[in-house]
Amino acid sequence: MFTFSCPVSFSISCSSSNGNIQNHGDYRVNINVNGSSCTRRPIKHHTLLNEVGVKEGSTSLSAIQFLENGHISEENIRQRIPRQKQLVDPYRQGLITERGVGYRQTVVVRSYEVGPDKTATLESLLNLFQETALNHVWMSGLLSNGFGATHGMMRNNLIWVVSRMHVQVDHYPIWGEVIEIDTWVGASGKNGMRRDWVIRSQATGSTYARATSTWVMMNEQTRRLSKMPDEVRDEISPWFIQKQAINEAVPDKIVKLDDKAKHVNSDLKPKRSDLDMNQHVNNVKYVRWMLETIPDKFLECHQLSSILLEYRRECGSSDVVQSLCQPDEDESFANGVQQNLLTNKVLVGGNGRLGSLDINTLTYGGYTHLLQTTGETQNEEIVRGRTRWNRKICTDL
């Protein structure tokens, strides 16, 4: 069992499964990683930093985080969040790029991240976006103990919430493939931050997907949006890059659906596993509710090429949600193309390929989506969405 020893010369609280222990004076506190024991004995102060591999007088490495506010917790020891910018993270296969302000992470697509066709699901890509964003903040040295929140944000009781997300997918990574994910941040108005991503194949260098998002701050206690404090702007603005993964000169707006939508899935209730560290339903879960409202027959022969999301309010554990979905007006065109292919029998062989027309070049118009609450908070919008689709090679045609 690994034990971390940390002598201090002031009052400390030592977290353990047996409760907190407070004492005054110079002590050595031995904390087991599993939190099962806590012992102490007198020690001279000058050995503090030497035992954790930090030069005396330095306040830049993770040892000092164990002593913040005189409190030493098991969480501090297990996480070891850096206090200073790190250039390389061997555990997460990440490194700082873009002249010291961008981040790149190498990822292997795992079996639980793919669907029946052995390609990564959209939900998996969104989770990878979220994870690399958090790891970027981790490497920056700005991460406090919140969900991507900086030290200044924690002092002001602020958390990040996403207000908009746009993802474009050209190719989906396959199971076992090694991909590289680049991410960076930039300014978005006076009180927002933009975060972008690009996914590439490590083997070929081909770009698979792009994404851009807008984030704003919310007071964790009042659950109301907040302006960005100057101290937070001073923390994050040195990391801003003026480039975009998706060029959006005039961002599209999504129309609101009503109760006449063609497809409706009601009585959706968040599960405990749907909540994140900010105590609300994670934004990735919304996408699952949206896509599950689309008919299975359509999903079997189509693959999502882009999704645009506009978030309106957070969703809590007690909310009951309704998912509405309406196909675009050009659905009849897509159905007409399919019927034409069936009638003229242009498929060759049994591999689903077209002789004179490649079915992968046919883009289905798409769907408009809405998630809203029902019950006591009836018809309060949670998120609006729009999806665009490409036809997959489908043997049913």
Side-chain angles (χ1 to χ4, degrees), residues 115 117 119-129 162-173 196-200 206-214 244-257 261-265 283-312 323-341 352 354 357-371 381-394 396-397:
D117 59 356
T119 64
T121 63
L122 176 65
E123 195 171 343
S124 294
L125 295 185
L126 294 175
N127 281 324
L128 287 173
F129 289 154
V162 60
S163 62
R164 192 174 185 274
M165 173 81 75
H166 187 187
V167 182
Q168 295 178 347
V169 184
D170 297 326
H171 302 281
Y172 285 83
D196 290 26
W197 296 266
V198 171
I199 296 180
R200 295 185 182 88
S206 299
T207 297
Y208 283 173
R210 304 173 182 84
T212 187
S213 60
T214 304
Q244 295 180 331
I246 300 176
N247 292 323
E248 296 180 310
V250 180
D252 295 334
K253 295 295 182 181
I254 305 173
V255 299
K256 180 182 178 181
L257 297 180
K262 186 173 183 178
H263 307 291
V264 179
N265 189 5
N283 65 85
V284 176
K285 302 299 180 183
Y286 298 149
V287 175
R288 178 185 299 177
W289 288 339
M290 285 182 172
L291 299 186
E292 288 179 348
T293 310
I294 298 175
D296 289 340
K297 186 176 181 180
F298 176 86
L299 294 176
E300 289 174 359
C301 289
H302 295 82
Q303 192 169 54
L304 187 142
S305 61
S306 72
I307 184 169
L308 178 63
L309 301 166
E310 293 178 357
Y311 298 89
R312 300 304 177 103
S323 177
L324 295 84
C325 176
Q326 177 67 35
D328 285 355
E329 294 179 358
D330 54 355
E331 179 182 22
S332 58
F333 167 77
N335 289 336
V337 171
Q338 180 178 4
Q339 184 61 42
N340 184 63
L341 296 177
L354 299 175
L357 181 63
D358 187 352
I359 200 168
N360 289 307
T361 64
L362 300 177
T363 301
Y364 184 86
Y367 281 87
T368 301
H369 305 264
L370 174 66
L371 295 183
E381 293 183 80
I382 299 174
V383 58
R384 296 182 188 183
R386 187 171 65 247
T387 55
R388 306 281 293 183
W389 301 79
N390 290 332
R391 286 189 183 277
K392 294 192 293 187
I393 297 176
C394 181
D396 291 338
L397 290 179

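Remember, predicted model here, so these are calculated numbers, not experimental data. Values below: all heavy atoms of this structure, side chains included; hydrogens, waters and symmetry mates excluded.
- Glu248 CD to Thr214 OG1: the interatomic distance, rounded to the nearest 0.5 Å, is 7.5 Å.
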Item to complete: Given side-chain contact (heavy atoms from CB on, under 4.5 Å), test Val167 with Leu304 step by step and report yes or no.
Response: CA-CA 10 Å; Val167 182; Leu304 187 142; over 6 Å; no
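- Glu292 is linked by a side chain to side chain donor-acceptor pair (under 3.5 Å) to nothing, counting only residues two or more places apart in sequence or in another chain.
- Taking each heavy atom of Val383 and Tyr311 in turn, the nearest pair found is CG2-CD2, 3.8 Å.
- Not counting sequence neighbours, the partners of Thr293 by the side chain to side chain donor-acceptor pair (under 3.5 Å) test are Ser323.
- Legend: residues meeting salt bridge (Lys or Arg N to Asp or Glu O under 4.0 Å) with Asp170, ordered by chain and number and at least two apart, are Arg210.
- For Ala245 against Ala211, the heavy-atom pair with the smallest separation is CB-O, 3.6 Å.
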Discussion item. Could you go through Glu123 and Leu291, starting from their C-alpha distance and side-chain angles, then the distance that decides it, and tell me whether this counts as side-chain contact (heavy atoms from CB on, under 4.5 Å)?
Written reply: CA-CA 10 Å; Glu123 195 171 343; Leu291 299 186; over 6 Å; no
Practice prompt. Take Asp328 and Arg388 through the test side-chain contact (heavy atoms from CB on, under 4.5 Å) and record every step on the way to the result.
Written response: CA-CA 10 Å; Asp328 285 355; Arg388 306 281 293 183; 3.6 Å; yes
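- The shortest distance between side-chain heavy atoms of Pro173 and Leu125 falls below 4.5 Å.
- For the atom pair CD1 (Ile294) and NE2 (His263), the distance works out to 8.5 Å, reported to the nearest 0.5 Å.
- Atoms OH and CD1, on Tyr286 and Ile382 in that order, are 5.5 Å from each other to the nearest 0.5 Å.
- Minimum interatomic distance between Gln326 and Lys262 (heavy atoms only, all atoms of both residues): OE1-N, 2.8 Å.
- Rounding to the nearest 0.5 angstrom, the gap separating the CD atom in Glu381 from the CZ atom in Arg312 is 5.0 Å.
- Remark: Gln168 engages His166, Ile246, Ser306 in a side chain to side chain contact (heavy atoms under 4.5 Å, CB included) (not counting sequence neighbours).
- For the side chain to side chain contact (heavy atoms under 4.5 Å, CB included) test, residues two or more places apart in sequence or in another chain that qualify with Asn247 are Gln244.
- The aromatic rings of Phe298 and Trp389 sit perpendicular to each other, their planes meeting at more than 60°, with 30° as the lower class boundary.
- For the ring-ring contact (aromatic ring centres under 6.0 Å, His included) test, no residue two or more places apart in sequence or in another chain qualifies with Tyr172.
- Judged as a side chain to side chain donor-acceptor pair (under 3.5 Å), and not counting sequence neighbours, the contacts of Ser124 are Thr121.
- The distance from the CG atom of Leu299 to the NZ atom of Lys392 is 8.0 Å, given to the nearest 0.5 Å.
- Checked against side chain to side chain contact (heavy atoms under 4.5 Å, CB included), Ile254 has the following partners two or more places apart in sequence or in another chain: Leu308, Glu310, Thr368, Arg384, Arg386.
- Taking each heavy atom of Thr207 and His171 in turn, the nearest pair found is O-CD2, 4.3 Å.
- Expressed to the nearest 0.5 Å, how far CG of Asn283 lies from CG of Leu309 amounts to 8.0 Å.
- Residues satisfying the side chain to side chain donor-acceptor pair (under 3.5 Å) criterion with Asp196, sequence neighbours excluded, are Arg194, Thr212.
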